[in-house]
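What follows is one structure encoded as structure tokens, with my remarks underneath.
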Amino acid sequence: MRRDEMTGCFGEFGGQYVSPELKRALDHVAEYYQEIRGDAGFQEELAYYLREYVGRPSPLYHAKRLSEHLGGAQIYLKREDLNHTGSHKINNALGQALMAKRMGVKRIIAETGAGQHGVATATVCALLDMECVIYMGTEDMARQELNVFRMELLGAKVVGVDAGSKTLKDAVDAALEDFAQNYAHTYYLLGSAVGPHPYPLMVRDFQSVIGVEAKEQILQATGRMPDYLLACVGGGSNAIGLFAPFYQDKEVQMIGLEPGGNGPQAGQHAASASYGVPTVIHGFRCYALVDEEGGVQDTHSLAAGLDYPGIGPEHSYYLATGRAKYLPISDSEAFRAFQVLAEMEGIIAAFESSHAVAYALQLAPTLSKNQIIVVNLSGRGDKDAAQALRLLQKDKEVGGVASA
Ligand SMILES: *Cc1c(COP(=O)(O)O)cnc(C)c1O
């Protein structure tokens with residue numbers, strides 16, 4: 001594997017394209033992380049909280065009814081939705097916050113899109129008694145009102161970001177600026193496998209618990225490896241957490257499902273692997289959606305957590321080398337899958353995760369009954385229920401996203 005864990009380059013992707021001040025802050029984190037990575041005391045403490053606080057291991061559930069209904073491959077759901085706070089994001093938030101605490105830092109800042117990473121960060125800050133400031137686009141704040149309240153309830157300060165498209169990418173800019181200025185006493189807890197080194201590496205490591213568990217669980221349940229791994233890709237943390245531990249298992253095919261939104265026109269989606277080009281955004285090199293002048297494009301997705309104009313460097317590397325495939329799923333396909341999973345399995349998945357479920361609905365019938373698909377169910381859909389209701393009501397009136 002051509003990746004350099006000291007510089008954070010995955011082939012030509014990753015790296016640190018940042019100001020000297022920010023580079024100093026990042027190098028400090030990278031050095032500390034290399035120390036702590038092999039530290040048995042740290043790993044034990046992390047394992048303790050993952051087990052006792054998050055509730056790991058999360059089940060790998062055989063969705064029998066859905067599999068039978070589709071008449072093809074067996075579908076297994078990795079239930080990250082059952083984690084404390086309702087998504088995979090807590091795995092990473094906990095890892096980084098425990099590290100920051102050991103570094104002696106008292107103030108944590110973070111960006112959030114859907115609000116899930118903000119809630120996860122606010123949660124671990126409450127748990128570990130640290131000051132917490134969350135940057136969030138004002139558009140996302142309106143879409144995810146309840147998560148804003150949750151963060152405040154957990155003792156965090158939520159700072160609205162009114163710049164640009166008022167979504168995740170603008171919140172990232174604001175958080176990076178704060179970090180560059182205040183790194184002496186502040187730790188930036190980044191929520192996805194993106195950003196400059198060492199974040200993609202750290203986030204991958206902290207999320208790899210998903211794939212490590214899934215491999216053990218599928219072998220235990222079936223005695224064989226899965227044929228396909230499916231996961232939605234915003235920045236790519238839940239997907240890389242599932243994929244990376246299977247990297248060497250060449251018989252396992254990996255497919256990342258991207259937010260195809262309303263279609264391939266610029267501004268209507270956030271499918272960075274499908275429609276993006278290799279470039280530098282937010283301090284790292286990756287496939288990203290940029291316009292002719294190199295400016296970051298506006299993005300759209302039904303799922304706020306997927307609304308990001310790039311994919312992580314390790315995914316970029318998997319894409320460039322063909323190790324994984326990335327396909328767009330439209331808003332309406334994701335919304336349909338959201339409904340199907342609820343009806344067939346009694347599981348209300350997040351809109352984000354529903355992108356991965358949507359592809360399982362397409363793929364399973366084309367495979368045989370002894371083949372296996374593992375779907376990463378990255379989060380639960382309680383946060384999306386109110387929006388789903390509005391969509392269905394609108395659909396009754398005019399025929400909107402839900403009718404397709
Ligand atoms: C944030 C989020 C995602 C997208 O983030 P990745 O880093 O791409 O995993 C996916 N699913 C849920 C439930 C989320 O909250």
Side-chain angles (χ1 to χ4, degrees), residues 58 77-93 96 110-121 123 134 136-137 140 143-144 146-147 150-151 167-169 171-172 189-195 199-200 202-204 206-211 229-244 256-259 270-273 282 286-287 299 301-316 318 324 326 329 334 337-338 341 347-358 375-385:
S58 66
L77 305 173
K78 183 60 174 158
R79 301 290 308 274
E80 292 299 299
D81 61 314
L82 294 178
N83 294 340
H84 177 49
T85 72
S87 85
H88 68 290
K89 292 217 169 70
I90 189 91
N91 305 328
N92 167 56
Q96 287 192 52
E111 83 300 332
T112 197
Q116 291 284 86
H117 174 56
V119 169
T121 302
T123 300
I134 305 292
M136 188 171 191
D140 287 338
R143 287 199 284 191
Q144 305 288 346
L146 209 54
N147 272 343
R150 280 193 187 102
M151 289 182 259
T167 59
L168 183 57
K169 70 182 163 67
V172 174
L189 205 166
L190 203 128
S192 188
V194 296
Y199 287 105
M202 286 195 299
V203 176
R204 186 275 313 273
F206 290 133
Q207 292 294 359
S208 288
V209 66
I210 301 172
L229 304 177
L230 307 183
C232 65
V233 179
S237 70
N238 87 87
I240 207 69
L242 177 66
F243 292 179
L257 290 312
E258 297 202 289
S272 324
H282 295 145
C286 67
Y287 281 89
T299 52
S301 173
L302 171 69
L306 301 183
D307 204 344
Y308 182 72
I311 55 166
E314 195 160 354
H315 285 295
S316 298
Y318 285 14
Y326 299 85
I329 294 290
F338 170 83
L341 193 69
I347 297 170
I348 298 175
F351 281 163
E352 289 84 2
S353 324
S354 299
H355 285 69
V357 175
V375 179
N376 203 9
L377 217 66
S378 54
R380 67 177 180 228
D382 303 47
K383 69 182 178 61
D384 300 312

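Both ligands and their constituent atoms are indexed starting at 1 by order of listing. Please read all numbers here as calculations on a predicted model, not as lab measurements.
Residues that satisfy the side-chain hydrogen bond (donor to acceptor under 3.5 Å, both in side chains) test with Tyr287, not counting sequence neighbours, are absent from this structure.
Contact shell of ligand 1 (protein heavy atoms, cutoff 4.0 Å): His88, Lys89, Gln116, Ser192, Cys232, Val233, Gly234, Gly235, Gly236, Ser237, Asn238, Gly305, Leu306, Ala350, Glu352, Ser378, Gly379.
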Go through Asp384 and Arg143 one step at a time and tell me if the salt bridge (Lys or Arg N to Asp or Glu O under 4.0 Å) criterion holds. CA-CA 9 Å; Asp384 300 312; Arg143 287 199 284 191; over 6 Å; no
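Within a 6.0 Å radius of CG in Leu82, more than 12 heavy atoms belonging to other residues, nucleotides or ligands are found.
The shortest distance between side-chain heavy atoms of His282 and Tyr308 falls below 4.5 Å.
In this pair, Phe243 and Tyr318 present their aromatic rings parallel. The plane angle is below 30°, not in the 30 to 60° band.
A donor-acceptor contact closer than 3.5 angstrom is absent between the side chains of Thr85 and Thr123.
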